[in-house]
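First up is the structure itself, then whatever we jot down about it.
It should be emphasised that the depicted structure is a prediction, and the values quoted were computed from it without experimental measurement. We count ligands from 1, going down the list as the structure has it; atoms in each ligand are counted the same way.
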Amino acid sequence: MQLGQPSRTALATAYARAYHQVATEPRIFTDPLAIRIAGITPDQLADLETATLQDEIDMRRRRRLFLAARARFAEDTVAEAVAAGTRQVVILGAGLDTFAYRNPHPDVRVFEVDHPDTQEWKRQRLDAAGIELPASLTFAPVDFECQTLAAGLAAAEFDRSRPAVFVWLGVIMYLTRDTILDTLRFVAGQATPVRLVFDYLYPASAATPEELDQRTVRADLVASIGEPWLSFFTADDIANILREMGFDRVDDRDAPNLIAGYLGIEPRQGSTAPPHVLCATRTA
Ligand SMILES: C[S@@+](CC[C@H](N)C(=O)[O-])C[C@H]1O[C@@H](n2cnc3c(N)ncnc32)[C@H](O)[C@@H]1O
C-alpha cells in the first residue's frame with residue numbers, strides 16, 4: 001500500500017460488489033449497503049464499465065462473480081458458525097466490507113481489522129453515506145506487516161478464549177509470506193472451534209498462456225497503484241501449511257466451481273490457475 005493512502009484495491013472490490021447488485025447477471029451475493037458505501041450511483045457504476053471487447057466484458061464479469069461468490073461463501077460460513085454457537089467475527093483487511101452494518105445477530109460481536117489508513121478512510125465513507133456504526137462493531141487498526149494482530153485485537157477487547165470466525169478476503173496476495181504465516185498461527189491459536197475463510201492466488205507458473213496474459217494485466221495494474229501481489233500458493237501448499245498448524249478440515253474451492261455451485265450450472269473449463277477460496281476449521 002502507498003504510505004498515508006487508503007487501499008485502492010479496496011475501492012475496486014467495493015465497486016465490483018456494488019455493480020453486482022445492479023448488473024444484468026445472476027445475483028450470487030445480496031448486499032443492500034454495497035452501493036451506498038461505494039459512494040457512487042448505479043449509473044456511474046455502469047459508466048465505469050468501459051470494456052467493449054467481448055473477452056474483456058466476460059473477464060470482468062467472471063471477476064465480479066468471483067468477488068460476489070467469495071463474499072457469499074464467507075457470510076454462509078459466518079452464519080453456520082453463529083448457528084453452532086460462535087459469537088465473535090473478525091474481518092481481516094475489511095476494506096469496504098459491509099457485513100458489520102448488516103449483522104443480523106445482535107449478540108455477535110464484529111471486529112474490523114484493517115490498515116489504519118484504509119480504516120480511517122472507511123469511517124469517513126460510512127459517515128458520508130449515513131451508515132450507522134452498530135454497538136456490536138469494534139474497529140481494530142493494524143498494519144499486518146509491522147504490528148501484531150494479537151496486540152490490535154487485544155486492544156479491541158477481542159476474547160482469545162472464545163470461539164471465533166475470521167474472514168480474510170482479497171488480502172493475503174498483498175502480504176509477505178512471513179506475515180501470512182504469523183497471522184495463520186495466530187488464528188490457529190484461537191479457542192476452538194475456529195473457522196478461517198480466505199482466498200489466494202496460484203503462482204503464475206501454473207497458468208495457461210491465456211490466463212497468464214489476463215493475469216499480467218491485472219498484476220501490472222495493482223502494482224502500478226502501489227499494491228503489488230507478493231504471495232502465491234497452490235491448494236496442496238496451503239492445505240499442508242494449515243494442517244501443520246492444527247486445522248483439521250480444509251474446504252477449498254476454485255473460482256469456476258464456487259461460482260457454478262451457486263448458480264447451479266456446470267463449471268467453466270480450461271482454467272489451470274483460477275483464484276481459490278477456502279474455509280479452514282480447527283475443531284479441537
Ligand atoms: C483488495 S482489498 C480487500 C478488501 C475487502 N476484504 C474486500 O474483499 O473488499 C485489500 C485490503 O487489505 C488491506 N491491507 C493490505 N495490506 C495491509 C496491511 N499491511 N495491513 C493491514 N491491512 C492491509 C487493505 O487495507 C484493504 O482493505
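For the residue pair Glu211 / Thr272, a side-chain donor-acceptor distance below 3.5 Å is found, with atom types taken as modelled. Between Ser7 and Glu227, the side chains place a donor N or O and an acceptor N or O closer than 3.5 Å (distance only, hydrogens not considered). Side-chain polar atoms of Arg249 and Thr283 form no donor-acceptor pair below 3.5 angstrom.
In Asp143, the parts holding a heavy atom less than 4.0 Å from any atom of ligand 1 are both the side chain and the backbone. The side chain of Leu175, and not its backbone, has at least one atom closer than 4.0 Å to an atom of ligand 1 (non-hydrogen atoms only; side chain from C-beta on). The part of Ala94 lying near ligand 1 is the backbone, judged by heavy-atom distances below 4.0 Å. Of all the heavy atoms of Thr9, the ones lying under 4.0 Å from any atom of ligand 1 are found in both the backbone and the side chain.
The shortest contact between atom 15 (C) of ligand 1 and any protein heavy atom is with Met1 SD, 3.5 Å. Summary of contacts: the protein heavy atom closest to atom 8 (O) of ligand 1 is Arg70 NH2, 2.9 Å. For atom 11 (C) of ligand 1, the closest non-hydrogen atom of the protein is Gly93 O, 3.8 Å. The nearest heavy-atom contact from the protein to atom 20 (N) of ligand 1 is Phe144 N, 2.9 Å. For atom 10 (C) of ligand 1, the closest non-hydrogen atom of the protein is Gly170 O, 3.3 Å.
Against a heavy-atom cut-off of under 4.0 Å, Thr13 is close to the following atoms of ligand 1: 7 (C), 9 (O). In summary, the atoms of ligand 1 found under 4.0 Å from a heavy atom of Val142, numbered by their order in the structure, are 20 (N), 21 (C). Per-residue contacts place Gly95 under 4.0 angstrom from the following atoms of ligand 1 (heavy atoms of the residue considered): 4 (C), 27 (O). Heavy-atom contacts of Glu145 reach the following atoms of ligand 1: 19 (N) (cutoff under 4.0 Å).
For Arg185, the CZ atom sits in a packed shell: over 12 heavy atoms of surrounding residues, nucleotides or ligands are nearer than 6.0 Å. Counting heavy atoms of neighbouring residues, nucleotides and ligands inside a 6.0 Å radius, atom CZ of Arg243 exceeds 12 of them.
No heavy atom of Leu96 sits closer than 4.0 Å to any atom of ligand 1. At least one heavy atom of Arg17 sits closer than 4.0 Å to an atom of ligand 1. Look at Asp114 and you'll find a heavy atom under 4.0 Å from some atom of ligand 1.
Heavy-atom minimum distance, Leu137 versus Glu112: CD1-CG, 3.7 Å.
Atoms CD1 and CZ, on Ile131 and Arg123 in that order, are 13.5 Å from each other to the nearest 0.5 Å.
Under the 4.5 Å side-chain heavy-atom criterion for grouping Ile, Leu, Val, Met, Phe, Trp and Tyr, Val110 is not connected to Leu92 through any hydrophobic cluster.
Under a cutoff of 6.0 Å and an axis angle of 45°, Arg215 and Tyr202 do not form a cation-pi pair.
Using cut-offs of 30° and 60° on the angle between ring planes, the pair Phe198 and Tyr200 is tilted.
Backbone and side-chain nitrogen or oxygen atoms of Ala14 are examined, and none is located within less than 3.5 angstrom of a nitrogen or oxygen of ligand 1. Polar contact check, Ser7 against ligand 1: no nitrogen or oxygen pair lies under 3.5 Å apart. Remark: ligand 1 and Tyr174 share no N or O pair separated by less than 3.5 Å (distance only, no angle test). Checked by distance only, ligand 1 and Val171 stay at 3.5 Å or farther apart across all their nitrogen or oxygen atoms.
The distance between the ring centers of Phe29 and His20 does not fall below 6.0 angstrom.
Partner Arg61 forms a side-chain contact (heavy atoms from CB on, under 4.5 Å) with one of Glu49, Glu25, Glu56 and no other, that one being Glu25.
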